[in-house]
Amino acid sequence: MASPKDFAPWPTVYWYFTWWHDDGAVERIHDALRSKVREADGRVAEPRAGLIDSQSVRTTDTVPAATRGFDAGKKVKGCKRFIVTDTLGLLLAVHVVAASVQDRDGAKRPLLWTRLDHPEVRKVWADQGFAGRLVDWATQILGRELEIVRKDPDQRGFQVQPKRWAVERTFSWLTAHRRLARDYETSLAHSETMIRWAMIGIMVRRLTRRCPAARPGPKPLIQVRLHAGTVQA
């Protein structure tokens with residue numbers, strides 16, 4: 001493997017990105033931080049349950065047409081991100097495909113990776129889009145239970161779904177990163193690494209923030225005038 005010293009005068013930031021991607025360093029850093037976050041939260045390092053969901057996002061014109069598609073259900077032309085998380089919303093597996101791929105087909109690879117990399121995960125929760133053949137496939141091929149969380153028939157409007165809100169919150173975390181608001185990568189594997197980098201930043205902040213966020217330095221003196229005089233807070 002080449003080192004930065006082999007290139008002159010200086011490698012670009014994207015060169016380091018591709019180098020650490022190819023070397024597997026990003027995955028190793030991400031997985032080590034996930035274990036630390038779980039232990040800091042009072043959990044065991046390896047999860048025993050997971051959640052899966054997908055998200056369709058638009059892509060730029062620089063993304064090859066071969067890796068783009070149209071999600072007819074969400075009316076989005078671009079790519080689709082499949083993620084498997086633990087019950088804390090921390091990433092276990094990620095897979096990016098064209099948006100035209102059905103949930104039941106695109107979910108197989110991240111579920112397989114979860115089975116291989118996290119053998120203690122025995123159950124995975126999913127929404128109704130993953131129902132059908134995939135449930136039987138997970139049972140027969142992976143030996144794992146894929147439980148479909150269905151909406152209440154009387155539900156009106158948006159409601160938080162039990163056991164599934166954690167993975168939906170993870171997508172919210174990811175899209176808060178401007179680089180992930182759209183997909184800019186010409187390689188689907190690089191798109192997956194961008195998601196891991198976002199999760200690395202989230203986990204580092206969680207580990208280093210030991211108290212609620214506050215502005216450093218002395219607190220400003222606030223004077224509140226009341227009828228009885230001046231009160232300083």
Side-chain angles (χ1 to χ4, degrees), residues 27 30-31 34 37-38 41 43-44 46-57 69-76 78-176 180 183 188 191-192 194-196 198-199 202-203:
E27 288 192 47
H30 173 273
D31 293 349
R34 184 187 58 237
V37 172
R38 287 185 57 85
D41 198 65
R43 311 293 184 94
V44 295
E46 278 299 314
R48 295 184 175 86
L51 308 97
I52 187 170
D53 204 354
S54 67
Q55 177 192 51
S56 296
V57 295
F70 182 70
D71 184 341
K74 299 180 180 177
K75 311 299 182 186
V76 172
C79 68
K80 184 177 288 189
R81 300 165 178 165
F82 289 87
I83 63 171
V84 180
T85 71
D86 63 6
T87 54
L88 295 178
L90 304 178
L91 192 68
L92 301 181
V94 56
H95 184 44
V96 181
V97 296
S100 54
V101 175
Q102 296 293 321
D103 285 354
R104 289 185 292 267
D105 299 324
K108 289 184 176 180
R109 186 166 295 184
L111 286 174
L112 175 60
W113 289 339
T114 302
R115 171 68 176 83
L116 296 175
D117 297 337
H118 308 279
E120 294 188 17
V121 174
R122 312 295 300 185
K123 173 182 281 191
V124 178
W125 287 286
D127 66 14
Q128 297 176 115
F130 297 89
R133 312 189 290 273
L134 185 63
V135 177
D136 297 331
W137 180 85
T139 302
Q140 298 170 7
I141 304 299
L142 302 182
R144 295 295 183 266
E145 180 183 358
L146 182 65
E147 180 179 329
I148 304 301
V149 180
R150 302 184 182 278
K151 295 181 180 179
D152 189 330
D154 299 328
Q155 177 179 327
R156 295 294 182 269
F158 173 79
Q159 290 184 14
V160 176
Q161 296 295 318
K163 302 178 182 177
R164 289 199 58 254
W165 62 271
V167 66
E168 294 172 350
R169 182 184 60 180
T170 301
F171 276 129
S172 178
W173 291 343
L174 294 176
T175 50
L180 296 178
D183 191 284
L188 294 177
S191 297
E192 296 166 2
M194 280 293 181
I195 293 174
R196 290 191 179 92
M199 290 301 300
I202 291 168
M203 291 187 293

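Values reported hereafter were calculated over all heavy atoms of this structure, with side chains retained and with hydrogens, waters and symmetry mates removed. Counting begins at 1 with the first residue of the sequence.
- Residue Gln102 qualifies as open at atom CD: its count of foreign heavy atoms under 6.0 Å is 12 or below.
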Under the side-chain contact (heavy atoms from CB on, under 4.5 Å) rule, what do Ile195 and Leu180 come out as? Steps first, then yes or no, please.
CA-CA 7 Å; Ile195 293 174; Leu180 296 178; 4.2 Å; yes
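- When the options Leu111, Asp105, Asp103, Ile52 are evaluated for a side chain to side chain contact (heavy atoms under 4.5 Å, CB included) with Leu134, the one that passes is Leu111.
- When atom types are taken as modelled, the side chain of Arg169 and the backbone of Leu88 share a donor-acceptor pair closer than 3.5 angstrom.
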With side-chain contact (heavy atoms from CB on, under 4.5 Å) as the test, would you mind laying out the steps for Leu142 and Leu112 before giving the verdict?
CA-CA 7 Å; Leu142 302 182; Leu112 175 60; 3.8 Å; yes
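- Once rounded to the nearest 0.5 Å, the distance linking CZ of Phe171 with OG of Ser54 reads 6.5 Å.
- Across every non-hydrogen atom of Trp113 and Ala93, the tightest pair is CB-CB, 4.3 Å.
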Take Gln55 and Thr175, measure what side-chain contact (heavy atoms from CB on, under 4.5 Å) needs, and give me the verdict at the end.
CA-CA 10 Å; Gln55 177 192 51; Thr175 50; 3.1 Å; yes
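- When all heavy atoms of Phe82 and Ala107 are compared, the pair lying nearest together is CE2-N, 3.9 Å.
- Note that the CZ atom of Arg109 and the NE2 atom of His95 stand 4.5 Å from one another [nearest 0.5 Å].
- Screening Lys80, Arg81, Arg164 for a salt bridge (Lys or Arg N to Asp or Glu O under 4.0 Å) with Asp53, the sole residue that qualifies is Arg164.
- The nearest pair of heavy atoms linking Arg104 to Gly129 is CG-O, 3.6 Å.
- Panel note: side chain Ser172, backbone Glu168; no donor-acceptor pair is recorded below 3.5 Å.
- Distance check: Glu46 CD to Arg38 CZ gives 7.5 Å after rounding to the nearest 0.5 Å.
- Note on residues 134-144: no pairs pass side chain to side chain donor-acceptor pair (under 3.5 Å), not counting sequence neighbours.
- Here the closest non-hydrogen pair linking Ala98 and Gly69 is CB-N, 3.9 Å.
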side-chain contact (heavy atoms from CB on, under 4.5 Å), that's the test. Do Thr87 and Arg43 meet it? Break it down for me.
CA-CA 10 Å; Thr87 54; Arg43 311 293 184 94; 3.4 Å; yes
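- Between Pro110 and Val94 the shortest side-chain heavy-atom distance does not fall below 4.5 Å.
- The nearest pair of heavy atoms linking Gly106 to Val101 is N-CG1, 3.6 Å.
- Taking CD1 from Ile83 and CE from Met199, the interatomic distance works out to 7.5 Å, rounded to the nearest 0.5 Å.
- The CD atom of Glu120 lies 11.5 Å from the CZ atom of Arg115; values are rounded to the nearest 0.5 Å.
- You'll find the side chain of Leu92 stays beyond 4.5 Å of the side chain of Asp117, heavy atoms only.
- Under the rule for a side chain to side chain donor-acceptor pair (under 3.5 Å), the partners of Arg34 that lie at least two apart in sequence or sit in another chain are Asp31.
- One finds the CG atom of Leu51 at 10.5 Å from the CG atom of Asp127 (value rounded to the nearest 0.5 Å).
- Taking both residues in full, the closest heavy atoms of Leu146 and Ala138 are given as CB-CB, 4.0 Å, listed atom of the first, atom of the second, then distance.
- The side chain to side chain donor-acceptor pair (under 3.5 Å) check on Ser191 picks up Asp183, with sequence neighbours excluded.
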